[in-house]
Protein chains: 2
Amino acid sequence: MYFTAVSKRAYGQFCGIVRAVELIGERWALLIIRDLLVKPKRYSDLRQGLPRIPTNILAARLKELASAGIVRRRLLSRPSGVVYELSEYGRELEDIVLRLGRWGAKSLTEPGREDIVTVDSLIMALRSNFRAGRDASYELHLGDIVINASIRGGRLEVAEGTLPDADLVIETGTAIMTLMAGDVTPAKAIESGSVRLAGNVDLLSRFVDTFRI
Amino acid sequence: MYFTAVSKRAYGQFCGIVRAVELIGERWALLIIRDLLVKPKRYSDLRQGLPRIPTNILAARLKELASAGIVRRRLLSRPSGVVYELSEYGRELEDIVLRLGRWGAKSLTEPGREDIVTVDSLIMALRSNFRAGRDASYELHLGDIVINASIRGGRLEVAEGTLPDADLVIETGTAIMTLMAGDVTPAKAIESGSVRLAGNVDLLSRFVDTFRI
DNA sequence: CCGGATCCTCGGTGATACTG
DNA sequence: CAGTATCACCGAGGATCCGG
């Protein structure tokens with residue numbers, strides 16, 4: 001079931017934490033897993049979601065993660081191609097990755113000049129910071145990214161794309177961070193024009209409550 | 001409160017998970033945090049707990065983690081010296097690190113020829129795999145390491161050293177892994193001599209239940 | 001076009017020696 | 001005790017090339 005460690009340079013300790021770091025501690029590994037937690041992906045999808053990863057590193061990590069039993073390489077026909085997906089063992093990382101995202105988001109301030117937001121990072125950000133709230137559905141536009149989130153029965157589902165019957169459509173930019181972090185009130189954000197809405201406008205404050213950092 | 005990222009080579013994404021990886025994803029960083037989660041430590045204590053870490057790397061990581069607001073460097077007098085301790089933000093990693101330990105322990109098999117077990121790794125291993133059970137106290141000897149664990153009111157406390165009034169004293173080696181993983185029964189382990197006991201011998205199976213991987 | 005492999009450079013890591 | 005200094009090396013970064 002489980003095979004070789006990813007990292008060659010061993011830490012020399014017999015310990016679960018050390019083992020975990022050897023498996024997923026290499027550069028880029030956890031971000032590949034982040035994207036695969038959203039859904040199985042082709043090699044080219046992964047490249048697109050991680051624009052700065054060197055192609056040889058992506059290939060190496062996928063091989064290592066596969067031999068560690070975390071990722072599976074699956075051949076598909078019609079259309080033919082290759083998809084990478086998480087194994088059961090890999091999917092067990094979901095909760096850890098989400099918690100890491102919540103922890104890391106607390107120390108996010110301004111996006112750097114070269115920092116981008118990807119579809120998968122935004123999807124995982126919503127999953128990370130979700131706290132149960134009343135049902136609602138949202139369509140969120142951030143730059144040219146469109147995702148939708150629906151809370152039904154206290155459970156959250158987030159996916160890429162529009163949601164025609166969303167209760168609220170939110171169009172915004174990176175300024176949404178100040179809103180989610182509570183640095184600015186929903187009313188102020190609307191007033192300043194940093195978010196534009198369509199639908200049930202009152203739901204914006206519920207959205208903020210549901211996903212507040 | 002929070003400052004520069006640890007890693008210089010940026011991933012180029014504005015995302016909580018990316019931020020987390022930039023803060024604690026560098027080599028050795030999470031193991032330093034593992035040891036500091038047990039208790040504050042001197043530079044030399046950290047070196048002893050991480051024998052394979054190059055001293056310049058340890059110094060660099062501590063500086064980076066400090067400037068990231070995860071670790072604090074505290075000067076103490078009488079006896080004079082320096083201790084490193086986790087900040088509030090750093091301590092928020094405890095649950096994540098414990099979960100990583102549980103996840104990684106699942107894929108541990110045999111210890112490699114050069115793999116050692118340290119006091120802190122063993123303490124964190126027990127914390128990782130703890131599942132609430134009835135009260136009891138144990139003293140565990142593994143090689144020349146001695147730690148003690150007491151469960152009182154469903155809460156676990158683990159520390160280094162002996163515990164004179166422990167309900168059960170367990171003396172064992174790395175063979176304990178087969179026991180904790182459920183590959184061998186407590187009775188068989190006693191019979192084979194891979195564990196030796198003193199005190200209330202019947203508590204061994206409760207110990208296994210409480211900390212089973 | 002997809003899914004990589006190859007080559008080269010550069011900087012972080014590892015190992016050791018040394019110091020206030 | 002708590003680091004700094006030096007240097008060899010190897011993995012990451014970046015561009016290009018290749019086979020189906």
Side-chain angles (χ1 to χ4, degrees), chain A residues 4-13 18 21-32 35-36 40-67 71-85 114 116, chain B residues 4-13 18 21-32 35-36 40-68 71-85 114:
Chain A
T4 63
V6 167
S7 72
K8 288 109 193 75
R9 296 125 86 186
Y11 290 91
Q13 298 193 7
V18 168
V21 169
E22 287 176 349
L23 289 175
I24 58 169
E26 299 289 289
R27 208 166 152 73
W28 292 105
L30 210 60
L31 303 187
I32 294 171
D35 285 10
L36 291 183
K41 291 212 159 56
R42 292 162 166 270
Y43 190 88
S44 46
D45 297 331
L46 288 167
R47 286 191 67 175
Q48 194 177 357
L50 302 166
R52 308 255 287 230
I53 194 173
T55 162
N56 56 338
I57 297 296
L58 176 56
R61 289 293 170 275
L62 286 172
K63 230 175 260 176
E64 294 159 352
L65 290 171
S67 92
V71 159
R72 250 194 314 265
R73 185 183 200 271
R74 187 156 53 88
L75 293 158
L76 39 80
S77 46
R78 196 166 62 266
S80 74
V82 184
V83 284
Y84 294 92
E85 61 188 5
E114 314 212 304
I116 63 170
Chain B
T4 64
V6 166
S7 73
K8 290 109 192 72
R9 295 126 84 182
Y11 291 91
Q13 297 194 8
V18 169
V21 169
E22 287 175 350
L23 289 176
I24 58 169
E26 300 288 290
R27 206 165 153 71
W28 294 105
L30 210 61
L31 303 187
I32 294 170
D35 284 11
L36 291 182
K41 289 209 160 55
R42 292 162 170 271
Y43 191 88
S44 46
D45 297 331
L46 287 167
R47 287 193 65 174
Q48 193 177 356
L50 302 166
R52 309 253 286 231
I53 194 175
T55 166
N56 57 339
I57 297 296
L58 176 57
R61 288 294 170 274
L62 286 171
K63 232 176 255 177
E64 293 158 355
L65 290 171
S67 92
V71 159
R72 251 195 312 267
R73 185 184 198 271
R74 187 156 54 89
L75 292 159
L76 41 78
S77 47
R78 197 170 62 265
S80 74
V82 184
V83 284
Y84 293 91
E85 61 188 5
E114 313 211 303

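As a basis for the values below, the full set of heavy atoms in this structure was taken, side chains included, without hydrogen atoms, waters or symmetry mates. Just so we're on the same page: letters track the sequence lines, and every chain starts at 1.
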Inset, instruction - Could you check which of D:dG13, C:dG3, D:dT4 has an atom nearest any side-chain atom of B:A59? - result: D:dT4
Inset, instruction - Respond yes when some side-chain nitrogen or oxygen of A:K63 is under 4.0 Å from OP1 or OP2 of C:dA5, and no when none is. - result: yes
Inset, instruction - In whole angstrom, give the distance that lies between atom NZ of A:K41 and atom C1' of C:dG4. - result: 19 Å
Inset, instruction - Under the side chain to side chain contact (heavy atoms under 4.5 Å, CB included) rule, collect the residues that match up with A:V21, sequence neighbours excluded. - result: A:Y11, B:L30, B:L31
Legend entry - Among C:dG14, C:dG3, C:dT13, the one nearest B:E26 by side-chain distance: C:dT13
Inset, instruction - Taking only the side-chain heavy atoms of A:I57 (C-beta and beyond), determine which of C:dA5, C:dG4, D:dG13 contains the nearest atom. - result: D:dG13
Legend entry - Approximate separation, where rounding is to 0.5 Å, of B:L50 CG and B:I57 CD1: 12.5 Å
Legend entry - CG on A:L62 to CH2 on A:W28, rounded to 0.5 Å: 13.0 Å
Inset, instruction - Check whether any side-chain N or O of B:R74 sits under 3.5 Å from a backbone N or O of B:P40 as a donor-acceptor pair, and report yes or no. - result: no
Inset, instruction - Check every atom of D:dA12, C:dG3, D:dA2 against the side chain of A:R61 and return the nucleotide holding the closest atom. - result: D:dA12
Legend entry - Separation of atom CG in A:L46 from atom P in C:dG3, rounded to whole Å: 10 Å
Inset, instruction - Check the distance between D:dG11's P and A:I53's CD1 and give it to me in whole angstrom. - result: 16 Å
Legend entry - Residues that A:R72 engages under salt bridge (Lys or Arg N to Asp or Glu O under 4.0 Å), provided they are two or more places apart: A:E85
Inset, instruction - Among D:dA2, D:dG13, C:dG14, find the nucleotide with the atom closest to the side chain of B:R9. - result: D:dG13
Inset, instruction - Take atom CG of A:L58 and atom P of D:dG14, then tell me their distance rounded to the nearest Å. - result: 14 Å
Inset, instruction - Check the distance between C:dG3's P and A:I32's CD1 and give it to me in whole angstrom. - result: 15 Å
Pick out the pairs of N or O atoms, protein on one side and nucleotides 18-20 of chain C on the other, that lie under 3.5 Å.
none

Inset, instruction - Assess whether side chain to side chain contact (heavy atoms under 4.5 Å, CB included) is satisfied between B:R42 and B:L76, documenting all intermediate values. - result: CA-CA 10 Å; B:R42 292 162 170 271; B:L76 41 78; 4.0 Å; yes
Inset, instruction - State which residues pass side chain to side chain donor-acceptor pair (under 3.5 Å) with B:R73; sequence neighbours excluded, sorted by chain then number. - result: B:Y84
Inset, instruction - With axes from five pairs an end, tell me the bend angle of the helix from C:dC1-D:dG20 to C:dG20-D:dC1, nearest 10°. - result: 30°
Legend entry - All pairs passing side-chain hydrogen bond (donor to acceptor under 3.5 Å, both in side chains) where residues 46-63 of chain A contributes a residue, at least two apart: A:Y43-A:T55, A:R61-A:E64
Inset, instruction - Output the single nucleotide from D:dT4, D:dG13, C:dG3 whose closest atom is nearest the side chain of A:R42. - result: C:dG3
Inset, instruction - Calculate, to the nearest 0.5 Å, the distance between atoms CG and CG belonging to A:L36 and A:L46 respectively. - result: 5.0 Å
Inset, instruction - Could I get the full list of side chain to side chain donor-acceptor pair (under 3.5 Å) partners for B:Q13, not counting sequence neighbours? - result: A:R34
Legend entry - Shortest non-hydrogen separation from B:L65 to B:A29 and the atoms involved: CD1-O, 4.3 Å
Legend entry - Closest to side chain of B:R27, choosing from C:dG14, D:dT4, D:dG13: C:dG14
Legend entry - Distance in angstrom units between B:W28 CH2 and C:dG12 P, rounded: 18 Å
Inset, instruction - Using atom CD of A:E64 as one end and atom P of C:dG4 as the other, report the distance to the nearest whole Å. - result: 14 Å
Inset, instruction - Could you run through nucleotides 15-20 of chain D and give me one letter per nucleotide, 5' to 3': B if any protein heavy atom sits under 4.0 Å from the base, S if only the sugar-phosphate is that close, - if neither? - result: BB----
Inset, instruction - May I ask you to verify if any side-chain N or O of B:Y84 is less than 4.0 angstrom from the OP1 or OP2 atom of D:dC1? - result: no
Inset, instruction - Would you kindly give the CZ-to-C1' distance between B:R52 and C:dT13, to the nearest whole Å? - result: 14 Å
